Amino acid sequence: MKELEKNYNPSQIEEKLYQKWLDHKYFHADAARGKKEGRKPFTVMMPPPNVTGQLHMGHAVDNTMQDILIRYKRMQGYEALWQPGTDHAAISTEVKVIDKLKSEGIDKQDLGRDGFLERCWDWKREYENRIVKQLYKLGSSADWDRMRFTMDEGCSDAVLEVFVKLYEKGYIYKGSRIINWCPVCRTSISDAEVVHEEQNGFFWHINYPVVGEEGCFVEIATTRPETMLGDTAVAVNPEDPRYQKLIGKTLELPLTGRQIPVIADEYVDKEFGTGCVKITPAHDPNDFEVGRRHGLEEICIMHDDARIDCPGSKYDGMERYEARKAIVEDLEKMGLLVKVVPHAHNVGIHDRCKTTVEPMIKPQWFVKMEEMAQPAIQALQSGELKFVPESFGKTYLHWLEGIRDWCISRQLWWGHRIPAYYCQDCGEILVAKNMPDTCTKCGGSHFRRDEDTLDTWFSSALWPFSTLGWPENTKELEYFYPTDVLVTGYDIIFFWVVRMVFSGLEQTGKTPFHTVLIHGLVRDSQGRKMSKSLGNGIDPLEVIDKYGADALRMTLMTGNAPGNDMRFYWERVENSRNFANKIWNASRFIMMNMGNGPVEEAPLNRLTMADKWILSKVNSLAKDMTENMDKYELGIGLQKVYDFVWEEFCDWYIEMVKARLWDEKNETRKAALWTLKTVLIQALKLLHPYMPFITEEIFCNLQDEEESIMVSSWPVFKQEWSFAREEREVETIKEAVRAIRNVRTAMNVPPSRKAKVYVVSEDQKMLDIFAHSKVFFAMLGFASQVCLQQDKAGIDDDAVSAVISGATLYMPFAELVDIAKERDRLVKEKERLEKELARASGMLSNERFVAKAPESKINEEKEKQEKYRQMMAQVEVRLAQLERKQS
RNA sequence: GGAGAUAUAGCUCAGCUGGGAGAGCAUCUGCUUGACGUGUAGAGGGUCGUAGGUUCGAGUCCUAUUGUCUCCACCA
């Protein structure tokens, strides 16, 4: 048997073991094999990290949870597929490549579309590997042989297929609508990519003259005066008495001289501002709606880079904020600027580049959402789709119920190019997977393909089935789809989960997964989000280097409930590291005692009470763990193995068993060794999904029969390992040991001072329990001898006592004990018992309790009451003795 | 404005279907016993945000209220 190092050193073994797993292809799932061997599939889709990304704590939590589920199911005998891949991350990658080009003095336009895309692919090849290697370090048991990329051939084909199908169904349309425009990235962005930030700005109050009524004005207030160049109306609330007579009149728009009407629309809030709103349909989403309702002209006054587009005017070509300044100055000169009021308001910012977005009307492609949202809503209501924790289902519903059409076109080059072809002869739009030969309308053969690409989420929405070969009906798709659990943070429910669900339902008729397991964010120790700008991020790789992947994984899973945020503390990592070291040393101890020979199988009837107790404990732990795993309560599961290993197994069982191990002639030595090894292996298996590396290392050192713990079988509850009586008996022993330790500490007795321990009970069965346990007292270092008797014969009156349920323990070290102190202690104990008795009798004398509570609960209370009565009697006797002694 | 989450020991958090308040860290006190000081034995510390209600019984369920956080929508 190999000798282990004194301290666990993760860095030495993690890489070696991961390579071993890869070499043995343990991560690989196979549909044909699974089918042939009659296994059930279990599938998890890895949320594809951005190719340009670096591993952060979010990935670490997300992937740890998935790995735990996959390893658990794999051990349970499922054909467990964890499908990995990466995302092309359109904007993010394009921006980075552009930056890199800039540093080389190259402009995107100079390279041309193909040249630029080549640079993007170079970037992808260079960085994809980085994030994948980082996921290796976590211990992720994903099926890397099936690695996919959202822009690889298969996924791209799925994208085209879906686009064409949705177009033909009328769910995809092209239209001019107001969208969020990023003047720096020069592309439209979705609502979800816009973040709102409060900024201190101003409210400019401006007078618009009423046509034909000299000296008569309408005062409007705006935060963006430059947009007035595009005003096509002023609106008031139809119910507003102040402005009734204005409705229908015509105003002259200052600076342009254009004539615009005053209209009435519910949208206007009477209480806000002046109650008169300038309407700029081309540059404000609300105004756009108003404009469409009233058939107003939509005048676009800005170029794509946010310079003013107003030919013939002095503002033409000005940058938007420059124009704002000029316009305000001019209005002031004209005497039309009424006042300027400081005003804090929210400004939309592009989350990637932080530029203030400009609402613009642009021809864009949209997905009609109304029909597709319905089945997705129903999936949740029918229970076909479930969120853990459930409350996130409300977030999901809320979003779907208020869903708007999805703008899917992006003015980027890196991404899936929209498969729409414009006939150069007649202008007809043809949508097809490949460029058509002839125009269906005019028979022409010259086409221009749409320049735009699709929103990144369009392809990720198809991830659960595109990766399995859809639209082909592959054996993988048939076997592994629909998948089982999707693990993700609550921050991308809208972006991704919703879109996967409606896409899956629309394309395959099935929800792509039955459960969405939501986790929270990892925050810093002060509760702040980890972010680049704050510089407060903790690099998971640094944690792994210092403490090992297992410690990181354990830290992220401890004391954490689904959906809740957690804070990162280095102290917690240390605790995890300490736990790893604890198991390491327990294993080391066991192996030292095993010697070189094999551990013989011990028949159950040769086991001692302690052996049966720990076996029974690990047995019910297996059941408990399985239940918690199935409920996705990963934090609770971990807590349970932790407590078992550290407290029950190390602090109690190993200590109980030492004396037997050291005595080569002891006839129960072999039983002890067998139990130690067996229980340890069970515990290692239960822990393996959480801490794959250390459990594998110990497992392989401990036994020769199996080559890896990750393909060993998950422990199941066995009736023959269930020993209720022994569990109770050992609990009694533990109670006794604790009682004695407490008394001795309370009495300030040094551990080196040994004393006799008398166990007194009228109940012979009770004494029998202790008959087997003399060895514990000796081993625990404070009993020179243990005497069992039914009465107090031979025990000095001033012996110190400890009362436990069913027995009283005495230690005759009279000379060490201060009688007054002992009396105080007993008085305290008496008070405690009185409280307990009051509680029990309070319940039992309550007629309604007795009438309504379940029988088992009543009996439980009666037993407790009886137990406390007995203890109380003992305490009273002891007190009386002391009184006599003192007087 | 809409929705959701959360409030438990000094700190960070568990506490699953209601039935005697827990962990880690921190603090204090012991322990050079042959796996581990990354250890071990013990102690102190909480009227479970507040007020009602349901119940024989509420940290747990309901209502209201307060604080904190998050998401969505955004007022020109």
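Throughout, a chain's letter reflects where its sequence line sits, starting with A, and its residues are numbered from 1. The structure displayed is predicted, hence computed values, not measured ones.
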Residue A/N742, side-chain atoms from C-beta onward, closest of B/rA73, B/rA76, B/rA43: B/rA43
Worked check of side-chain contact (heavy atoms from CB on, under 4.5 Å) between A/L676 and A/N593: CA-CA 10 Å; A/L676 281 167; A/N593 283 287; 5.7 Å; no
Closest to the A/E655 side chain, choosing from B/rA5, B/rA76, B/rA35: B/rA35
Parallel, tilted or perpendicular: rings of A/F644 and A/F649 (30°, 60°): parallel
Value in whole Å for how far the P atom of B/rG39 lies from CH2 of A/W646: 5 Å
Geometric class of the A/F203/A/H343 ring pair [parallel <30°, tilted 30-60°, perpendicular >60°]: parallel
Complementary nucleotide for B/rG1 - Watson-Crick or wobble, under 3.5 Å: B/rC72
Options B/rC56, B/rC72, B/rG42, nucleotide nearest the side-chain atoms of A/W399: B/rC72
A/R292 with A/E289: basic N within carboxylate O range, under 4.0 Å: no
Candidates B/rA76, B/rG39, B/rC56 - which lies nearest the side chain of A/R848: B/rC56
Pairing partner (Watson-Crick or G-U wobble, both distances under 3.5 angstrom) of B/rU17: none
Sugar-phosphate only, base, or nothing, as touched by A/F272 at under 4.0 Å among non-hydrogen atoms: base
Euclidean distance, atom CG of residue A/N560 to atom P of B/rA14 [Å, nearest integer]: 6 Å
Nucleotide of B/rG39, B/rG15, B/rG42 approaching A/T745 most closely (side-chain heavy atoms): B/rG42
Side-chain heavy atoms of A/M57 within contact of A/R523, under 4.5 Å: no
OP1 or OP2 of B/rG22 under 4.0 Å from side-chain N/O of A/K640: no
Between P of B/rA35 and CG of A/N7, the distance in whole Å: 14 Å
Sugar-phosphate, base or nothing in reach of A/H196, heavy atoms under 4.0 Å: base
B/rA73 OP1/OP2 closer than 4.0 Å to side-chain N/O of A/H398: no
Touch class at under 4.0 angstrom, heavy-atom based, for A/F579 against every strand present: nothing
Mate of B/rA58 where both pairing distances stay under 3.5 Å, Watson-Crick or G-U: none
Nucleotide nearest A/I654 (side chain, heavy atoms from C-beta), chosen from B/rU12, B/rA35, B/rC74: B/rA35
Sugar-phosphate only, base, or nothing, as touched by A/T222 at under 4.0 Å among non-hydrogen atoms: sugar-phosphate
Side-chain H-bond candidate by donor/acceptor type, A/N585 with A/R588, under 3.5 Å: yes
Separation of atom CZ in A/F568 from atom P in B/rC25, rounded to whole Å: 16 Å
Between B/rU68 (P) and A/D565 (CG): distance, integer Å: 18 Å
Complementary nucleotide of B/rG45, counting Watson-Crick and G-U pairs under 3.5 Å: none
Phosphate OP1/OP2 of B/rA35: any A/K658 side-chain N/O under 4.0 Å: yes
Side chain of A/R738 - closest among B/rA5, B/rG42, B/rA14: B/rG42
Contact check, side chains of A/I614 and A/M656, non-hydrogen atoms, under 4.5 Å: no
Any A/N628 side-chain N or O less than 4.0 Å from OP1/OP2 of B/rC16: no
Distance below 4.0 Å between A/N575 side-chain N/O and B/rU38 OP1 or OP2: no
Whole-angstrom distance between B/rU38 and B/rC72, as gauged at atom C1': 46 Å
Any N/O donor-acceptor pair, A/E401 side-chain to B/rA3 base, under 3.5 Å: no
Atom-pair distance (CG on A/N846; P on B/rC56), nearest Å: 9 Å
Spacing of A/K6 atom NZ relative to B/rG39 atom C1', expressed in whole Å: 10 Å
OP1 or OP2 of B/rG24 under 4.0 Å from side-chain N/O of A/R572: no
B/rG34 pyrimidine/purine six-ring stacking with A/W662, under 5.5 Å and 30°: yes
Touch class at under 4.0 angstrom, heavy-atom based, for A/R528 against every strand present: nothing
Nearest-nucleotide pick for A/E571, side chain only, options being B/rC71, B/rC25, B/rA35: B/rC25
Salt-bridge contact A/K867-A/E863 (side-chain N to carboxylate O under 4.0 Å): no
Sugar-phosphate only, base, or nothing, as touched by A/M843 at under 4.0 Å among non-hydrogen atoms: base
Complementary nucleotide of B/rC11, counting Watson-Crick and G-U pairs under 3.5 Å: B/rG24
B/rU63 - base-pair partner by Watson-Crick or wobble geometry, distances under 3.5 Å: B/rA51
Touch class at under 4.0 angstrom, heavy-atom based, for A/H343 against every strand present: sugar-phosphate
Distance-only donor-acceptor test (3.5 Å): side chain A/R567, base B/rU12: no
Touch class at under 4.0 angstrom, heavy-atom based, for A/P285 against every strand present: nothing
Touch class at under 4.0 angstrom, heavy-atom based, for A/D651 against every strand present: sugar-phosphate
Mutual orientation of the aromatic rings belonging to A/Y490 and A/F392 [parallel < 30°, tilted 30-60°, perpendicular > 60°]: parallel
Identified pairing partner of B/rG30, criterion: Watson-Crick or G-U wobble below 3.5 Å: B/rU40
Presence of A/N564 side-chain N/O under 4.0 Å of B/rA14 phosphate oxygens OP1/OP2: yes
Candidates B/rA41, B/rU70, B/rA35 - which lies nearest the side chain of A/M592: B/rA35
Per A/R523 side chain, nearest of listed nucleotides B/rG4, B/rC36, B/rU70: B/rU70
Phosphate OP1/OP2 of B/rC75: any A/K270 side-chain N/O under 4.0 Å: no
